[in-house]
Amino acid sequence: MKVMILGAGQLARMMALAGAPLNIKISAYDIHSGDLVHPVTKEVLGHGLESSIDNADVITAEFEHINIDILKLCQSSGKIFPNAESILTGGDRRKEKILLDRAGVKNTRYQIIENRADFDAAITYINLPLILKSALDGYDGRGQWRLKTQNEANAVWQKITKFLKTSPQAERQCIIAEPFIAFDREISLIGARSADGTMAIYPLTENIHTDGILSVSISANENEKLQTQAESMFKSVADSLNYVGVLAIEFFEVNGTLTVNEIAPRVHNSGHWTQQGSDVCQFENHLRAVCNLPLGSTNRIRPTAMVNIIGEATVPQSIMSFAHLHWYDKAPRPRRKIGHINLSANDINSLGESLRQLSMFLAKDQFPALHEAAHKLI
Ligand code: ATP
Ligand code: MG
């Protein structure tokens, strides 16, 4: 089976590694250069979208910010999973909100902002503090502004105006305003859906973000009530999209109730713990779903934490005596994810101990959330 992935980053790399034992041959189409590359070695395998589509049995994507013309071409080949509409929905917050409302899934209140009058109306109708997000091209907290007081309104609006003017998709771009949610925790659910509607869903994972970027994700606690809520929302969203592949849903937990923050139509950073913590990891289950193979068990075999390596953070090799290192072969750059560490243990207390041990090897300014998590005794 030959699978072509739209996007040639670390998610494509990890799918290629997971697909090798199944004899699934992965190539990655770099949408910026138009090159078809091997996602691990970066060897160039071809050039151009049409021939790359012709040569693939199945097409999938590692990110959602893909030009509509590329997605249309892939959709017309009948080979792309999840379908182009699912990817477009994940890449446009307006479409995402409409989908969630239509599927009856609780999500944050919002208003669309296209001009100053909309901005002022949002301040009136949604109480401050507000969070403002670009509808398109947002990731890792980019394209986001916070408005805490009316005094900051002019300055924030100026930044937004500049952003809108310089946005690569200026004519389609706009801003979504949401109330700032004082959540108890951030949680996400990762699951796979097959073409026949079968689903395999992982246990929830708790996420800690720093400056809008995921830092630490911990899958250790059972919470049947939250798991049931999250799975029911997952099923509604996945069924309404006729989704095939791995889908991630991010939630805010407030007083034991979940509200959807956003969805990601792909394997997700908060699912990297599954590489060491579950029977079959998210990368393999995504490939199984899109290649129409039986889905694998999503059981959590042991409590596991994932710690992102971001920017210029350094990691001593000695942690390999008790942790798993996953590098992405990417040059360090501020705010860039260049690898992650998975840490597993037999029980939650031992995981807390291991996290504390790990925090002693890693600098506090480079891994602030790890230090916070380790000392909160998760
Ligand atoms: P990702 O990298 O997950 O794609 P993103 O840039 O698309 O992120 P969000 O997930 O919407 O954007 O926001 C990033 C983070 O900002 C969230 O994980 C959360 O910590 C915070 N955040 C976003 N929206 C809100 C909100 N309405 N209230 C409070 N915090 C929020
Ligand atoms: Mg997010």
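Only heavy atoms go into these numbers, but all of them, side chains included; no hydrogens, no water, no symmetry mates. For ligands, and for the atoms within them, numbers begin at 1 and follow the listed sequence.
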What protein heavy atom lies closest to [atom]? Include the residue and the distance to one decimal.
atom                    : answer
atom 27 (N) of ligand 1 : Glu178 OE1, 2.9 Å
atom 4 (O) of ligand 1  : Glu262 OE2, 3.1 Å
atom 6 (O) of ligand 1  : Gly141 N, 2.6 Å
atom 25 (C) of ligand 1 : Phe252 CZ, 3.4 Å
atom 12 (O) of ligand 1 : Gln144 NE2, 2.9 Å
atom 2 (O) of ligand 1  : Asp140 N, 2.7 Å
atom 15 (C) of ligand 1 : Gly212 CA, 4.2 Å

With sequence neighbours excluded, what pairs up with Arg116 under the salt bridge (Lys or Arg N to Asp or Glu O under 4.0 Å) test?
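So Arg116 forms a salt bridge (Lys or Arg N to Asp or Glu O under 4.0 Å) with Asp120.
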Please work out whether any backbone atom (N, CA, C, O) or any side-chain heavy atom from C-beta onward of [X] is under 4.0 Å from ligand 1, and answer side chain, backbone, both or neither.
X      : answer
Ile181 : both
Asn261 : side chain
His65  : neither

Ligand-residue contact atoms, ligand 1 with [X], heavy atoms, under 4.0 Å:
X      : result
Gly138 : 7 (O)
Phe183 : 29 (C), 30 (N)
Ile131 : 22 (N), 23 (C), 24 (N), 25 (C), 26 (C), 27 (N), 31 (C)
Glu250 : 3 (O), 10 (O)
Tyr139 : 2 (O), 4 (O), 5 (P), 6 (O), 7 (O)

May I ask you to say whether [X] pairs ionically with [Y], meaning some side-chain N is under 4.0 Å from a carboxylate O?
X      : Y      : result
Asp347 : Arg302 : no
Arg185 : Glu253 : yes
Glu178 : Lys97  : yes
Lys95  : Glu85  : yes

Going by heavy-atom distance to atom 21 (C) of ligand 1, choose the closest among Lys133, Arg146, Glu64.
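Heavy atom nearest to atom 21 (C) of ligand 1 belongs to Arg146.
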Evaluating non-hydrogen atoms only, which member of His209, Glu186, Arg93, Arg142 is closest to atom 17 (C) of ligand 1?
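Going through His209, Glu186, Arg93, Arg142 one by one, Glu186 has the nearest heavy atom to atom 17 (C) of ligand 1.
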Report yes if the distance between the aromatic ring centroids of Phe234 and Phe251 is under 6.0 Å, otherwise no.
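Centroid distance Phe234-Phe251: not below 6.0 Å, so no.
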List the steps and the verdict of salt bridge (charged side-chain N to carboxylate O under 4.0 Å, His left out) for Arg288 and Glu284.
CA-CA 6 Å; Arg288 288 183 185 217; Glu284 180 172 337; 2.7 Å; yes
Check the side chains of [Y] and [X] for a donor-acceptor pair under 3.5 angstrom, ignoring hydrogens and angles.
X      : Y      : value
Gln10  : Lys330 : yes
Thr257 : Asn255 : no
Glu186 : His209 : yes
Glu353 : Gln357 : no

Please check whether Lys337 reaches ligand 1 - meaning an N/O of the residue sits under 3.5 Å from an N/O of the ligand, judged on distance alone.
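Such a contact does not occur with ligand 1.
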Closest to the Mg ion (ligand 2), which N/O/S atom of Glu262 is it?
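The closest N, O or S atom of Glu262 to the Mg ion (ligand 2) is OE2.
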Specify which N/O/S atom of Glu250 comes nearest to the Mg ion (ligand 2), by atom name.
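Per the distance ranking, Glu250 contributes OE1 as its closest N/O/S atom to the Mg ion (ligand 2).
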I'd like to know if Arg109 contacts ligand 1, where contact means a heavy-atom distance under 4.0 Å to any ligand atom.
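Outside the 4.0 Å threshold, so no.
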Can you find a non-hydrogen atom of Pro179 under 4.0 Å from ligand 1?
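Yes, that is the case, since the closest heavy atom of the residue is under 4.0 Å from the ligand.
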For Ser219, check side chain to side chain contact (heavy atoms under 4.5 Å, CB included) against everything at least two apart and list the hits.
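With sequence neighbours excluded, Ser219 shows a side chain to side chain contact (heavy atoms under 4.5 Å, CB included) to Pro203, Thr205, Trp273, Arg300, given in chain and number order.
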Measuring only between side-chain heavy atoms, which start at C-beta, is Ile53 closer than 4.5 Å to Met4?
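Side chain of Ile53 against side chain of Met4, heavy atoms only: contact under 4.5 Å found.
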